[in-house]
Amino acid sequence: MPTVTNDADDALQVLTAGTVHCIDPDELHKLLTSGRQLRVKFGIDPTASDIHLGHTVVLHKLRQFQDLGHLAVLIIGDFTARVGDPTGRSATRPPLSAAEVEDHAQTYIDQVRAVLDFSPDRLELVHNADWLARMDMADVLRLTGRTTVARIMERDDFATRFRDGVPIALSELLYPLLQGTDSVEVRADVELGGTDQLFNNLMGRQLQSAAGMDPQVVMTTPLLEGLDGEKKMSKSLGNYIGIAEPPGEQFGKLMSIPDELMPRYFALTTGWSPDRVEQTVAALADGAIAPVEAKRLLARTIADLYHGPGAGDAAEAEFDRVFKAGQVPSDLPEREVPAAEFPMRLARLLARAELVSSNKEGRRKIEQGGVKIAGEKVTDPDLEVSAADADGQVLQVGKRAWARVRIR
RNA sequence: GGGUCCGUACCCGAGAGGCCAAAGGGAUCUGGCUGUAAUCCAGAUGCGCAAGCUACGGGGGUUCGAAUCCCUCCGGGCCCA
């Protein structure tokens, strides 16, 4: 068994830093003092294939436990994904097929590698279908008998949906119980999750106690705001930065977050030590670092984290080329258009080059002054171009869409 | 099983026979500004060169004319049992 740090006080401080809930710190301290390698549970439901920075907040916390010698018990919720966690959702999630779930799970695992330590003595990977799929009706009845309808309905999102007449599938009400069962099965000492998981995680304590185990310590991490600076980062809101996205995309998106969000991003997404975060944030606050520079640092850091050292510098250089110097990106798509279709209106060519979704939209973009051909702004919405005019030229729409036309 | 209400564009949501390609908000996009794909300000947002076409859960009907009225089917909420 690996050695575990015995300085419980220091460990407690590091581990509780940046958490929203810790239930409860005394229990955690006791566990840390025991010198045992703790089993730290974190469950993910592979309902979608992309991990974004919001997901990494809790993963960084889990990594801290690993770095202190503890064991991350990563539960792939292949069974629960099929039920659909209703957390924070206003509607029932459509069920996924087993194949979709498996596919997502593999992508998840690949992406999680960027944050977690995958050494065998630091990570245990399990699938909850291994125990949940085996339960029979008697097991289910026993499980559901351990709580009450009133207790389940305390959960805010259930209460809200019920009040507003939004449907709640009966299966969704069971979700907290399933997640709690996971805690019993993996004998979790600690469970991590976002703040929205608090209810589910506490259910784990209840079920563990009922099973005669010491209840797990529950710790929650903040939900990261997305690019808009207000709503929580999520794929469905489209305000996310995926960790598998190209570095240039990550860099650009990070440059577009509201300035006020920077301290939070430094604290929650970089994996930096609390000290380093504090120094950087302080420097930003007293003007020692200009906001742009801080944002660039953040953007480089994230790109490096997920694409290897140097990725951030490269992304930054390209960003400057394109957005500061206004040059064409070094790598831009080519679109082939048959010569027979010419001459055609530029508006139509933009659509053929997939820069706009319709001729009409192309016309609109020209009228708004957002279209350039070979670097020249076009003002005539009815402009006709010949094959010779168009061949090999770079079309640009707005600040972020380019294509080179090839006549064939 | 009975009753009742609802289903509108990417999302929320107004609309009550013609003035509706459909108010308003969100979201997104374009332009200007700039330290940024930030903020702020302005504008745009079904398709078609156009005549026009398609669109208000699906289908059918009434009418000169339907998102708006009727029938039916599908989906959903609530109440009663």
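Below, chain A is the first sequence line, B the second, and so on; all start at residue 1.
With a 3.5 Å ceiling on both atom-pair distances, the Watson-Crick or G-U wobble partner of B:G1 is B:C80. The partner of B:A9 cannot be assigned: no Watson-Crick or G-U wobble pair with both contacts below 3.5 Å exists in any strand. As the counterpart of B:G35, no nucleotide is assigned, since no Watson-Crick or G-U wobble pattern has both distances under 3.5 Å. The partner of B:G43 is B:C29, judged by Watson-Crick or G-U wobble contacts that both fall below 3.5 Å.
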Show which side-chain atoms of residues 210-218 of chain A pair as donor or acceptor with protein atoms under 3.5 Å away, not counting sequence neighbours.
from: A:Q216; atom 1: OE1; to: A:S183; atom 2: OG; distance (Å): 2.9
from: A:Q216; atom 1: NE2; to: A:S183; atom 2: OG; distance (Å): 3.3
from: A:Q216; atom 1: NE2; to: A:E191; atom 2: OE1; distance (Å): 2.9
from: A:Q216; atom 1: NE2; to: A:N201; atom 2: O; distance (Å): 2.9

Under 3.5 Å, side-chain donor or acceptor atoms of residues 254-263 of chain A against the rest of the protein: list the pairs with distances, not counting sequence neighbours.
from: A:S256; atom 1: OG; to: A:K253; atom 2: O; distance (Å): 2.8
from: A:D259; atom 1: OD1; to: A:K295; atom 2: NZ; distance (Å): 2.7

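Taking a cutoff of 4.0 Å between a charged side-chain nitrogen and a carboxylate oxygen, A:R205 and A:D24 do not qualify as a salt bridge.
Crowding of A:Q327 atom CD: a count of heavy atoms from other residues, nucleotides or ligands under 6.0 Å exceeding 12. Enclosure of atom CD in A:E230 is not indicated, since only 12 or fewer non-hydrogen atoms of other residues, nucleotides or ligands lie within 6.0 angstrom.
Pairs engaging residues 374-399 of chain A under the salt bridge (charged side-chain N to carboxylate O under 4.0 Å, His left out) rule: A:R363-A:D382 [sequence neighbours left out].
Straight-line distance between the C1' atoms of B:G59 and B:A66: roughly 16 Å, to the nearest whole Å. Between the P atoms of B:U63 and B:U68, the separation comes to 16 Å (whole Å). For the P atom pair drawn from B:G25 and B:C41, the interatomic distance equals 14 Å after rounding to whole Å. Only the C1' atoms considered, B:C74 is 8 Å distant from B:G57, to the nearest whole Å. If you take atom C1' in B:A67 and the same atom in B:A23, they sit 14 Å apart, rounded to whole Å.
Rounded to an integer number of Å, the gap from A:I366 CD1 to B:G31 C1' is 15 Å. Rounded to whole angstrom, the span from the CD atom of A:E230 across to the P atom of B:A27 amounts to 8 Å. Counting to the nearest Å, the C1' atom of B:A38 and the CZ atom of A:F319 are 10 Å from each other. If you take CG of A:D228 and C1' of B:U28, they are 12 Å apart, rounded to a whole angstrom. If you take CG of A:D320 and C1' of B:G35, they are 11 Å apart, rounded to a whole angstrom. Regarding A:R296, its CZ atom lies at a distance of 7 Å from the P atom of B:U36, rounded to whole Å. Remark: C1' of B:A37 and CD of A:Q396 are 13 Å apart, rounded to the nearest angstrom. A:R400 places its CZ atom 7 Å from the P atom of B:C29, with the value rounded to the nearest Å.
Between the side chains of A:D275 and A:S273, no donor N or O sits under 3.5 Å from an acceptor N or O. Side chain to side chain, A:S330 and A:E318 meet the donor-acceptor criterion of an N or O pair below 3.5 Å.
Within 4.0 Å (heavy atoms only), A:P291 reaches at least one base atom of the nucleic acid. Residue contacts for A:K365: at a heavy-atom cut-off of 4.0 Å it reaches the sugar-phosphate backbone alone, with no base atom in range. At the heavy-atom level, A:G362 lies nowhere under 4.0 Å from the strands shown. Using a 4.0 Å heavy-atom cutoff across all strands shown, A:G398 reaches sugar-phosphate atoms only and no base atom.
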Report each atom pair, protein N/O against N/O of nucleotides 22-25 of chain B, whose distance is under 3.5 angstrom.
none

Taking N or O atoms only and anything under 3.5 Å, show me the protein contacts with nucleotides 78-81 of chain B, one pair per line.
none

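The two residues A:M219 and A:L28 make their nearest non-hydrogen contact at SD-CD2, 3.9 Å.
A:I76 CD1 to A:I109 CD1: the interatomic distance, rounded to the nearest 0.5 Å, is 4.0 Å. Between atom CD of residue A:Q208 and atom CG of residue A:D189 there is a gap of 8.5 Å, rounded to the nearest 0.5 Å. From A:M153, atom CE reaches atom CZ of A:F158 across 7.5 Å, with rounding to the nearest 0.5 Å.
If you find the closest nucleotide of RNA chain B to A:F323 and to A:K377, the one lying nearer the 5' end belongs to A:K377. When each of A:Q250 and A:V371 is assigned the nucleotide of RNA chain B with its nearest heavy atom, A:V371 is the one assigned upstream, toward the 5' end.
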**Request:** Sugar-phosphate means primed atoms, P, OP1 and OP2; the rest is base. With that split, encode nucleotides 42-51 of chain B 5' to 3' as B, S or - using protein heavy atoms under 4.0 Å.
**Result:** -BSS-SBSS-

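Residue A:K399 has its side chain nearest to B:A37 when only B:A37, B:G26, B:G32 are considered. Closest to the side chain of A:V292, from the set B:C29, B:G35, B:A37, is B:G35.
Between A:H55 and A:Y108, the two ring planes are perpendicular [angle over 60°; tilted spans 30° to 60°].
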**Prompt:** Run the side chain to side chain contact (heavy atoms under 4.5 Å, CB included) check on A:D139 and A:W131 step by step: do they pass?
**Reply:** CA-CA 11 Å; A:D139 294 326; A:W131 52 86; over 6 Å; no

